[in-house]
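Note that the structure is a prediction, hence the values are computed from the model and not measured.
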Amino acid sequence: MTNSFMQRAIDLSIENVQKSNGGPFGAVVVKDNRILAEGTNSVVKRSDPTAHAEIVAVREACRKLNSFQLTGCEIYSSCEPCPMCLAALYWARPAKIFYAGTRNDAAEIGFDDTYIYAQLMLPVERRAIPMKQLMRDQAQEAYRRWKAKPNKKQY
């Protein structure tokens with residue numbers, strides 16, 4: 001079955017290029033050996049830089065499960081997840097991630113994440129997009145309240 005799920009992710013990526021002029025990426029979320037959700041790269045279509053195939057599929061799967069975690073799910077992606085998608089997948093906590101193409105394959109067609117990986121390794125003050133910390137002390141109030149909250153839902 002694993003190959004059929006990956007084939008579906010690949011088929012979605014091809015269809016997305018042919019039918020919607022979207023990026024060449026597709027993803028499916030599988031639970032209990034059934035496709036729970038599908039996603040394709042919809043960045044341009046939705047004017048949303050976060051609308052990568054994996055993110056679209058994860059959002060739909062979480063909605064269907066009424067959960068912010070994908071416990072017991074598997075992700076099949078037509079390409080190795082980018083840094084944003086990988087971080088989101090770690091937060092979602094699926095059981096496994098399968099991918100077809102590599103980040104190098106994606107880079108060869110203009111989807112190069114090398115720059116982002118490099119930026120993440122730099123200290124904040126050396127990153128290309130200037131970042132400046134403001135009002136840290138004031139922000140601590142929300143953290144104190146969260147820590148003291150007895151009925152919080154950990155994630």
Side-chain angles (χ1 to χ4, degrees), residues 1-122 124 127 129 139 142-155:
M1 271 273 191
T2 300
N3 286 347
S4 67
F5 297 137
M6 183 57 76
Q7 187 61 58
R8 179 62 185 150
I10 292 167
D11 290 346
L12 285 167
S13 70
I14 294 167
E15 290 170 18
N16 202 45
V17 171
Q18 292 176 325
K19 294 180 181 173
S20 75
N21 201 24
F25 305 102
V28 296
V29 177
V30 173
K31 185 168 178 80
D32 299 327
N33 252 353
R34 291 182 22 193
I35 293 178
L36 178 63
E38 300 180 338
T40 57
N41 179 287
S42 304
V43 169
V44 174
K45 179 176 154 184
R46 296 183 184 189
S47 297
D48 178 355
T50 69
H52 290 200
E54 296 91 338
I55 301 294
V56 171
V58 164
R59 286 176 179 159
E60 179 63 15
C62 287
R63 186 189 66 73
K64 285 183 176 178
L65 293 172
N66 194 31
S67 175
F68 55 85
Q69 293 185 339
L70 296 177
T71 306
C73 293
E74 297 175 340
I75 309 296
Y76 293 81
S77 178
S78 64
C79 188
E80 182 179 357
C82 75
M84 176 187 67
C85 292
L86 187 59
L89 291 170
Y90 268 90
W91 278 112
R93 296 178 178 90
K96 291 183 182 177
I97 301 169
F98 299 93
Y99 64 93
T102 67
R103 68 173 89 166
N104 294 328
D105 297 331
E108 287 180 19
I109 60 166
F111 294 90
D112 192 352
D113 298 324
T114 305
Y115 176 74
I116 297 170
Y117 283 109
Q119 288 290 302
L120 291 172
M121 299 303 292
L122 293 173
V124 172
R127 293 181 184 163
I129 298 175
Y143 303 153
R144 284 190 287 278
R145 289 181 187 214
W146 174 259
K147 188 175 180 180
K149 186 175 178 144
N151 60 343
K152 64 184 164 249
K153 177 93 173 171
Q154 288 293 145
Y155 58 94

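Heavy-atom minimum distance, L120 versus R127: O-NH2, 3.5 Å. When all heavy atoms are compared, the tightest approach of A92 to V58 is CB-CG1, 4.3 Å. The two residues M84 and I55 come nearest to each other via the heavy atoms CE-CG1, 4.0 Å. Here the shortest heavy-atom pairing between A57 and A37 reads O-CB, 3.4 Å. Minimum heavy-atom separation, S78 to A100: O-CB, 3.4 Å.
Looking at heavy atoms from C-beta onward, I75 lies out of side-chain contact with P81 at the 4.5 angstrom threshold. Within the 4.5 Å cutoff, side-chain heavy atoms of F5 are placed close to those of N33. Side-chain atoms of R59 and T50, non-hydrogen and from C-beta on, do get closer than 4.5 Å to each other. Using a 4.5 Å heavy-atom cutoff, the side chains of L70 and L65 are in contact. The shortest distance between side-chain heavy atoms of N41 and P24 does not fall below 4.5 Å. P83 places a side-chain heavy atom less than 4.5 Å from the side chain of Y117.
Of the N and O atoms on the side chains of N16 and S13, not one donor lies less than 3.5 Å from an acceptor on the other residue. Side-chain contact check for T114 and D112: at least one donor-acceptor pair (N or O, by modelled atom type) lies under 3.5 Å. Residues E108 and N104 have side chains that never bring a donor and an acceptor to within less than 3.5 angstrom of each other.
Going from atom CD1 of I97 over to atom OG of S77 covers 9.0 Å, rounded to the nearest 0.5 Å. To the nearest 0.5 angstrom, K45 atom NZ is 11.5 Å from S47 atom OG. Note: L36 CG to K31 NZ = 8.0 Å, rounded to the nearest 0.5 Å. Atom SG in C73 sits 13.5 Å away from atom CZ in R93 (nearest 0.5 Å). Rounded to the nearest 0.5 Å, atoms CD (E80) and OH (Y99) are 4.5 Å apart. A distance of 7.5 Å separates CG in L12 from CD1 in I35, rounded to the nearest 0.5 Å.
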For the pair Q7 and N3, evaluate side-chain hydrogen bond (donor to acceptor under 3.5 Å, both in side chains) and give the outcome as yes or no after the intermediate values.
CA-CA 6 Å; Q7 187 61 58; N3 286 347; over 6 Å; no

Step by step, would you call I10 with M6 a side-chain contact (heavy atoms from CB on, under 4.5 Å)?
CA-CA 6 Å; I10 292 167; M6 183 57 76; 3.9 Å; yes

Audit row: V56, T40, side-chain contact (heavy atoms from CB on, under 4.5 Å) steps and yes/no
CA-CA 7 Å; V56 171; T40 57; 6.0 Å; no

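Between F68 and Y155, the ring planes are perpendicular. Angles over 60° get that label, and only those under 30° would be called parallel.
Less than 6.0 angstrom separates the ring centroid of F111 from the ring centroid of F25.
Residue K96 places its NZ atom among 12 or fewer non-hydrogen atoms of other residues, nucleotides or ligands, all under 6.0 Å distant. Around the CZ atom of R144, the shell of radius 6.0 Å holds more than 12 heavy atoms that belong to other residues, nucleotides or ligands.
Within the structure, every pair that satisfies the side-chain hydrogen bond (donor to acceptor under 3.5 Å, both in side chains) test and touches residues 61-72, not counting sequence neighbours, is listed here: E60-R63.
Residues passing the salt bridge (charged side-chain N to carboxylate O under 4.0 Å, His left out) test with R8, sequence neighbours excluded: E15, E38.
Judged by distance alone, the side chain of K152 and the main-chain N or O of K147 form a donor-acceptor pair under 3.5 Å.
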